[in-house]
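Throughout, protein chains are lettered first and strands after them, A, B, ... in sequence-line order, and every chain is numbered starting at 1.
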4 protein chains.
Amino acid sequence: MDMQREGKFQRILDAAIEAFAESGFHQCQVNKIARLAGVADGTIYLYFKSKEDILIRVFQERMGEFIAGVSRELSQCKTTKARLRTIVRTHFTYMEQNRSIAIVTQLELRQSEPRVRLPINLTVLDYFNLIEGVIQQGIECGEVPKIDTRIARQMIFGSLDEATTDWVMARSPRTLSSGIEPMLALFEGALRLRE
Amino acid sequence: MDMQREGKFQRILDAAIEAFAESGFHQCQVNKIARLAGVADGTIYLYFKSKEDILIRVFQERMGEFIAGVSRELSQCKTTKARLRTIVRTHFTYMEQNRSIAIVTQLELRQSEPRVRLPINLTVLDYFNLIEGVIQQGIECGEVPKIDTRIARQMIFGSLDEATTDWVMARSPRTLSSGIEPMLALFEGALRLRE
Amino acid sequence: MDMQREGKFQRILDAAIEAFAESGFHQCQVNKIARLAGVADGTIYLYFKSKEDILIRVFQERMGEFIAGVSRELSQCKTTKARLRTIVRTHFTYMEQNRSIAIVTQLELRQSEPRVRLPINLTVLDYFNLIEGVIQQGIECGEVPKIDTRIARQMIFGSLDEATTDWVMARSPRTLSSGIEPMLALFEGALRLRE
Amino acid sequence: MDMQREGKFQRILDAAIEAFAESGFHQCQVNKIARLAGVADGTIYLYFKSKEDILIRVFQERMGEFIAGVSRELSQCKTTKARLRTIVRTHFTYMEQNRSIAIVTQLELRQSEPRVRLPINLTVLDYFNLIEGVIQQGIECGEVPKIDTRIARQMIFGSLDEATTDWVMARSPRTLSSGIEPMLALFEGALRLRE
DNA sequence: AATGAATGAGCTTTCATTCAT
DNA sequence: CATGAATGAAAGCTCATTCAT
């Protein structure tokens, strides 16, 4: 029974991602999500507190998975260079393979309402910590000179984020993953990585 | 008479920036902007097509000024290093001194509706071209090795943008301008700048 | 088995009285009644046609008992004076001892929807007949002069009803039963009761 | 301009009385009131805070007028008997001539929600004070023996109220005003009125 | 040009009721 | 009999925009 519940939760989540990506959060009616998920309007409110709650949960669930994935792969890396490559590659690859999630992440989730921003920021923080951890580790190993990890993280995340937004909005068919190596080279230079 | 018109236009624009920064674009009622600007609701529609149009014009006007300013200062710079410093310094300083504009820029303008995004992107493009121009110039002068200017621009703009968002959302009183030098160092490394 | 059925019926009825008295008919959710009664939401619909039906049955059951009680006591009375006293005393005492029922009776049952009013009015009619019977009897015995029994009943019931509403809504701790004798004196005067 | 405003306010009020009397408060949609008043839905909210507010204002405005009328007529009366007659006559006549208001007053306004009850009770209090004033005056003049004015008021108001409810709900064409003299006789007896 | 009263489209959410188990 | 997850109809109110003055 609990698997049925979980299944319906995921179905609504997936429907919401498609709907948000297609129409935008504000445009999209709850009724559309319900239709896509194959449930009644009211059913959504058995699983989510509100329309905003769906948006928040989309991020928490999907980015949670993504961050867990990055974290897992990072633990297998021996060098800072490998770790940076993992971050760039996983970030770009994930977004490229989940375009709807990317659209929601890059556009719809940039909501200014504190009710939405706060829980989202909390989740992003995990990703920030991951990135800052890699830099910190690099410094401790002597692979990276002493630098401000917060600012380095802003550079890394900001760059990845901006590249993704560019890709999401561009009509050009250039792939996101083609940017992995050039971006990585920039990061290595910025961090003055010693091998 | 035209100056009166211009004056009222600017008053509404400034009122809108305050109102959007305070309440958020969707929360903020046109009526509030009118009150802040000291005009009637209907008057706003003599100067702007719609509420969305106000948001777009805020960006076009203020960022237009900002970009023109950066452009002007860039023309005085002799080296790529100086140009990068100008970009970072002007970006951080401007945002720090215009917090309401920063809030609107970093949060409220991230609207997914194409009607809003498109004209905004068009303006941002000028800034992108400016940044890419600096990189291109660096490559031509031999100060920067041959790299993908688009990706380098994504890194530079993304980093500045992310740092600004961090500052806007953070409750910490850390200044944005304290990040100028560290950020600049990262950029120089990334671009492998030769002096 | 039938006693089990009866027991559950009564449990739901009692739960509904508490719930209606506490939250008001429209505010109160069926789900709350179910919780108070310790049954599932759906179970209620095995015993009642609808939420409105519960309200109607509350009145029919509880006021039915009340009216039967008054009727029983009246049959023991020898004089019109005794009968009037019985009515006033029983009315005030019953309401005072069943505050939740009084709240539902005086406030929640004043529903304008004909679906609710009609069956309720039908039950109240029994009480009206009881009161008019006492007056008629008084006239026939010569204790009361010839008067319009309908209007006399409106006076008696209206007075008792208004006093009860006053008590239900008043925050003052004045008891309802303290009004028995004064009210009775008014009725005796109104009916020009001869002993 | 202010008369136009007042005119529209009254038009909405009258429309609401008709609509509430016809469909009941909960059944009646705001949209119906708007249509009857010949204004747009939104216009109603320029004059009233909410649907509930309309109900409250109906009572305050119309009963306010009624109470003021009774008060005016009472000041012309010389004896307690004349004052009682004025109350009964005005009450019955007013209701009879304003059936829709009577329906709203006797049925729709018996709302249990405190938000509605409280302001209504406050207005009714004026009427209660008027009635209690008449009794008190009677006692002071020696026309009425010392009795509890509150209970006497409960009797008088309760009787009038119940007679009105009876009339509103009865399909019988019996007039309310035909009850004036019999009801008055009961009141005189109840108060043991000396002339 | 300026006003601001009037418009009316638009949508999330609740909750009484049902019915498959 | 009992359950409780699922249903889906239903409506008050807001607020961007208009337009008569």
Side-chain angles (χ1 to χ4, degrees), chain A residues 1-2 4-5 8 12 26-35 37-54, chain B residues 1-2 4-5 8-9 12 25-35 37-54, chain C residues 1-2 4-5 8 12 25-35 37-54, chain D residues 1-2 4-5 8 12 25-35 37-54:
Chain A
M1 290 308 109
D2 231 13
Q4 270 194 8
R5 232 193 114 71
K8 204 162 276 190
I12 296 171
H26 280 110
Q27 286 302 317
C28 162
Q29 291 117 291
V30 172
N31 155 53
K32 181 181 185 170
I33 301 174
R35 212 170 342 108
V39 298
D41 292 21
T43 306
I44 292 195
Y45 290 85
L46 297 175
Y47 294 85
F48 299 89
K49 277 204 295 287
S50 66
K51 192 181 163 189
E52 267 179 0
D53 186 40
I54 304 178
Chain B
M1 286 309 107
D2 228 15
Q4 269 193 12
R5 223 191 123 73
K8 203 163 276 190
F9 177 87
I12 296 173
F25 175 71
H26 279 109
Q27 288 301 317
C28 162
Q29 289 124 281
V30 172
N31 158 52
K32 181 183 186 170
I33 299 174
R35 218 177 329 113
V39 298
D41 292 22
T43 306
I44 290 191
Y45 289 85
L46 299 172
Y47 294 85
F48 298 90
K49 275 206 297 289
S50 65
K51 190 181 165 189
E52 270 177 359
D53 186 39
I54 305 177
Chain C
M1 288 307 108
D2 228 13
Q4 268 194 11
R5 222 190 122 71
K8 201 163 279 191
I12 295 172
F25 175 71
H26 279 109
Q27 288 301 317
C28 162
Q29 291 123 280
V30 173
N31 158 52
K32 180 182 185 170
I33 300 174
R35 216 174 335 111
V39 298
D41 293 21
T43 305
I44 290 190
Y45 289 85
L46 299 172
Y47 294 84
F48 298 89
K49 275 205 298 288
S50 66
K51 190 181 165 189
E52 270 178 358
D53 186 41
I54 305 177
Chain D
M1 290 307 111
D2 231 14
Q4 270 193 10
R5 234 193 113 70
K8 204 162 277 188
I12 296 173
F25 175 72
H26 279 109
Q27 286 301 317
C28 162
Q29 289 117 291
V30 172
N31 156 53
K32 180 182 187 169
I33 300 174
R35 212 173 338 108
V39 298
D41 292 24
T43 305
I44 292 195
Y45 290 86
L46 297 175
Y47 294 84
F48 299 90
K49 277 204 296 287
S50 65
K51 191 181 163 190
E52 267 179 1
D53 186 40
I54 305 178

Stepwise side chain to side chain contact (heavy atoms under 4.5 Å, CB included) test for C:Lys8 and C:Leu46: CA-CA 10 Å; C:Lys8 201 163 279 191; C:Leu46 299 172; over 6 Å; no
Per A:Ala40 side chain, nearest of listed nucleotides F:dT7, F:dC1, E:dT7: F:dT7
Atom-pair distance (NE2 on D:His26; C1' on E:dC15), nearest Å: 14 Å
Nearest-angstrom distance from the residue atom CD1 of C:Ile54 to P of E:dA16: 9 Å
Short side-chain N/O contact to F:dT3 OP1/OP2 from C:Thr43, under 4.0 Å: yes
Distance in Å, A:Tyr45 OH paired with A:Phe48 CZ, rounded so as to fall on 0.5 Å steps: 11.0 Å
Value in whole Å for how far the P atom of F:dT18 lies from CD1 of B:Ile44: 13 Å
C:Asn31 or A:Asp41, whichever maps to the more 5' nucleotide of DNA chain E: A:Asp41
From E:dT12, F:dA16, F:dA6, nucleotide with atom closest to A:Val30 side chain: E:dT12
Given C:Asn31, C:Ile54, C:Asp53, the one that forms side-chain contact (heavy atoms from CB on, under 4.5 Å) with C:Ile44: C:Ile54
Pairing partner of E:dT3 (Watson-Crick or G-U wobble, both distances under 3.5 Å): F:dA20
Rounded distance (Å) that lies between atom C1' of F:dA11 and atom CD of D:Gln29: 7 Å
Gap between atoms CD1 and P, on A:Ile12 and F:dA5 respectively (whole Å): 14 Å
Protein-nucleotide distance (B:Lys51, atom NZ; F:dT14, atom C1'), rounded to Å: 11 Å
Short side-chain N/O contact to E:dG8 OP1/OP2 from D:Tyr45, under 4.0 Å: no
Mutual orientation of the aromatic rings belonging to B:Phe9 and B:Tyr47 [parallel < 30°, tilted 30-60°, perpendicular > 60°]: tilted
B:Lys49 NZ to F:dT18 P, straight-line distance once rounded to whole Å: 12 Å
Sugar-phosphate only, base, or nothing, as touched by C:Tyr47 at under 4.0 Å among non-hydrogen atoms: sugar-phosphate
Toward the 5' end of DNA chain F, by each residue's nearest nucleotide, C:Val39 or D:Gln27: C:Val39
A:Lys8 side chain near F:dA5 phosphate (N/O to OP1/OP2, under 4.0 Å): no
Contact summary for C:Lys51 and C:His26, nearest pair of heavy atoms: NZ-O, 3.6 Å
C:Gly42 vs A:Ser50, nearer the 5' end of DNA chain E by closest nucleotide: A:Ser50
Nucleotide E:dT12, atom C1' - distance to NZ of A:Lys32 in whole Å: 17 Å
